[in-house]
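The structure under discussion appears below in the form of structure tokens.
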Amino acid sequence: MQKRIDLRKCKSYNSVRKEAVTCSKKNLFLAKLKEKSLTQEDAAKIIGVASTTLYRKMIGHSDFTRNEIQLFRSELGLTAAEVDNIFFG
């Protein structure tokens, strides 16, 4: 009889899962930018960072600051639920 493997404990499963969540958040953010006819470069200017820095934040390599989240919330007209989904979901 074969032993069942809990995939949630596998490193590769967890990294794929985290990548999927990050990708989902990134897609939500990009959708909001597109809705407002903004580019990633425009978004970087809103928070005063380089576009490469914004990209690193979008893919989860660094975090958005509270001030950056507040700027995006006001500039993009994000609801509290959208903020939660994009930045904390």
Side-chain angles (χ1 to χ4, degrees):
M1 190 163 123
Q2 284 186 293
K3 183 178 177 183
R4 296 193 95 186
I5 298 172
D6 186 355
L7 291 177
R8 291 171 289 177
K9 293 181 182 177
C10 295
K11 285 185 180 180
S12 60
Y13 174 82
N14 287 332
S15 65
V16 168
R17 185 168 176 245
K18 181 181 177 187
E19 187 176 310
V21 169
T22 301
C23 184
S24 174
K25 292 171 150 185
K26 179 182 166 192
N27 288 339
L28 286 171
F29 184 69
L30 290 173
K32 290 306 284 185
L33 290 178
K34 188 172 185 177
E35 187 178 291
K36 299 291 182 180
S37 300
L38 297 172
T39 64
Q40 288 183 41
E41 290 79 19
D42 295 330
K45 288 177 188 173
I46 289 171
I47 59 172
V49 299
S51 57
T52 54
T53 302
L54 175 65
Y55 181 75
R56 281 194 303 274
K57 289 175 182 267
M58 288 172 56
I59 63 171
H61 286 207
S62 63
D63 295 327
F64 286 96
T65 66
R66 173 186 252 171
N67 187 46
E68 290 168 342
I69 293 169
Q70 289 173 337
L71 285 169
F72 281 132
R73 183 174 186 185
S74 65
E75 290 291 324
L76 301 177
L78 300 175
T79 65
E82 289 171 328
V83 168
D84 284 345
N85 288 335
I86 293 170
F87 300 104
F88 305 108

Quiz prompt | OG1-CG distance between T39 and L30, expressed to the nearest 0.5 angstrom | solution = 10.5 Å
Quiz item: What residue pairs, at least two apart or across chains, pass salt bridge (charged side-chain N to carboxylate O under 4.0 Å, His left out) with a residue in residues 40-69?
Solution: K57-E68
Quiz item: In Å, rounded to the nearest 0.5 Å, how long is the span from CD1 of I47 to CZ of F64?
Solution: 5.5 Å
Exercise. Only pairs at least two apart or in different chains count here, so list each side-chain hydrogen bond (donor to acceptor under 3.5 Å, both in side chains) that has a residue in residues 29-38.
Key: K32-E35, K32-E82
Quiz item: Looking at L54 and A43, what are the two nearest heavy atoms and their distance?
Solution: CD2-CB, 3.6 Å
Self-check item: Test side chain to side chain contact (heavy atoms under 4.5 Å, CB included) applied to A50 - qualifying residues, sequence neighbours left out
Solution: T52, T53
Exercise. First locate atom CZ of R73, then atom OG1 of T79, and finally report the distance between them rounded to the nearest 0.5 Å.
Key: 7.0 Å
Exercise. Quick one: list whatever passes side-chain hydrogen bond (donor to acceptor under 3.5 Å, both in side chains) with S51, sequence neighbours left out.
Key: none
Exercise. Sorted by first residue and then second, give each ring pair (Phe, Tyr, Trp, His ring centres under 6.0 Å) pair with at least one member in residues 24-46; sequence neighbours left out.
Key: F29-F72
Quiz item: Which atom pair, heavy atoms only, marks the closest approach of N85 to K25?
Solution: O-CG, 3.6 Å
Quiz item: Could you give all pairs that pass the ring pair (Phe, Tyr, Trp, His ring centres under 6.0 Å) test and reach residues 30-60, with sequence neighbours left out?
Solution: none
Quiz item: Once you round to the nearest 0.5 Å, how far does CG of L78 lie from CG of L71?
Solution: 11.5 Å
